[in-house]
Amino acid sequence: MKKFLINYYALVMMGLFIIYNLILDNLKISGLIYQVFMVILIVTNIIILIIFRKDIKCKSLIIVVYFFLWLFSKNTLQCVFEISSMITLIVIGFLGSNFIKVLSILITIFFATFSMPFFFGYLLVFGMNVNEEKERNDIYDSAHYYCENNYEVYSYSAGAMDGFHYSIGKYYEFFDIDGILSISYSERNEVSREEYNNYLNTHHCKLVGDIHESK
């Protein structure tokens, strides 16, 4: 059993990454405890990959999958975990696999060629705050409301090159110690501006900023 876990450790970690970032996309975790946990996980993961480099299987497959998944990370720390795993697997597998050598060269050329577009794409998707979840960093505070029956209503935009969008979706806050740890469930369901305004006019809603100030 131990041998099996070592052999497929990287594959299991990739599976957990996919589950949290893609399948459980609406689950949001943030805060200092989460940041510390992710930093420890990133460092520990690199060490484990290096120590058991000769036993880790499916390196090439994992590198390819990670290459296509990094923009689907929920936040910066998840993205760092994914990219650090990919780079570590490339380094430890470079001498032992011609296929990984080819992959590493192609990936290096790709990122070198498109470094600027990817940099701006990263900023557009994740922003500058490592603690901010994707699809939460583009919400306008002045148009962000919590409403009755666990609904969240807000307008959002990716920036100057993007127009305004509106969302009416379910929101559940499971745990919240401000700045320490927050666990919530948030659905983004895009609607028209008319639907957005009509919902605010026909339901009991409170501006999120006013709720936080009253705590």
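What you see below is based on every heavy atom in this structure, not just the backbone, and it leaves out hydrogens, waters and symmetry mates. None of the values given here were measured: they were computed from a predicted structure.
For the residue pair Tyr171 / Tyr146, a side-chain donor-acceptor distance below 3.5 Å is found, with atom types taken as modelled. Side-chain contact annotation: Asn45 with Tyr9, donor-acceptor N/O pair under 3.5 Å present. His165 and Glu190 share a donor-acceptor pair across their side chains, judged by distance under 3.5 Å alone. Side-chain polar atoms of Tyr156 and Asn137 form no donor-acceptor pair below 3.5 angstrom.
Both Ile100 and Phe68 sit in one connected hydrophobic cluster of ILVMFWY residues. Membership requires side-chain heavy atoms under 4.5 Å apart, directly or through other members.
The side-chain hydrogen bond (donor to acceptor under 3.5 Å, both in side chains) test with Ser186 singles out one residue from Glu173, Lys28, Glu152, and that residue is Glu152. When Ile42, Asn21, Val39 are each tested for a side chain to side chain contact (heavy atoms under 4.5 Å, CB included) with Phe81, only one passes: Ile42. Each of Leu103, Leu61, Ile62 was evaluated against Leu89; a single residue qualifies, Ile62, per the side chain to side chain contact (heavy atoms under 4.5 Å, CB included) test.
A salt bridge links Asp138 to Arg188: one of the charged nitrogens lies within less than 4.0 Å of a carboxylate oxygen.
Taking the ring axis of Tyr185 as reference, the NZ or CZ atom of Lys170 does not stay both within 45° of it and closer than 6.0 Å to the ring centre.
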### Pair Met38-Ile33, side-chain contact (heavy atoms from CB on, under 4.5 Å): steps then yes or no
CA-CA 9 Å; Met38 283 304 302; Ile33 292 177; over 6 Å; no

### Query
Checking side-chain contact (heavy atoms from CB on, under 4.5 Å) for the pair Phe72/Leu69: CA distance, chi angles, key distance, verdict?
CA-CA 5 Å; Phe72 293 94; Leu69 285 185; 4.2 Å; yes

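Residues meeting the disulfide (SG to SG under 2.5 Å) test with Cys147, sequence neighbours left out: Cys205.
With hydrogens and angles disregarded, no donor-acceptor distance shorter than 3.5 Å links the side chain of Ser97 to the backbone of Phe94. The closest donor-acceptor contact from the side chain of His144 to the backbone of Tyr140 lies at 3.5 Å or more, if one exists at all. For Asn7 (side chain) and Asp55 (main-chain N/O), a donor-acceptor pair under 3.5 Å exists by modelled atom type. Checking side-chain atoms of Ser157 against main-chain N and O of Gly163 turns up a donor-acceptor pair under 3.5 Å. One N or O on the side chain of Glu195 and one on the backbone of Ser192 form a donor-acceptor pair closer than 3.5 Å. For the pair Asn201 (side chain) and Asn197 (backbone), a donor-acceptor distance under 3.5 Å is present. No side-chain donor-acceptor contact under 3.5 Å links Lys74 to the backbone of Leu22.
The shortest distance between side-chain heavy atoms of Lys59 and Ile92 falls below 4.5 Å. Tyr34 is not listed as a side-chain neighbour of Ser182, based on a closest heavy-atom distance of 4.5 Å or more.
Put simply, CD1 on Ile83 and OG on Ser73 are 7.0 Å apart, with the number rounded to the nearest 0.5 Å. Atoms CD1 and CG, from Ile29 and Leu181 in turn, are 7.5 Å apart once rounded to the nearest 0.5 Å.
For an aromatic pair to be called close, the ring centres must be under 6.0 Å apart, and Tyr145 with Tyr151 fails this.
In terms of heavy-atom proximity, Leu207 sits nearest to Ser142 at CD1-O, 3.7 Å.
Other residues, nucleotides and ligands place more than 12 heavy atoms under 6.0 Å from the OH atom of Tyr172.
Ring geometry for Tyr196 against Tyr166 counts as tilted: the plane angle lies between 30° and 60°, on a 0 to 90° scale.
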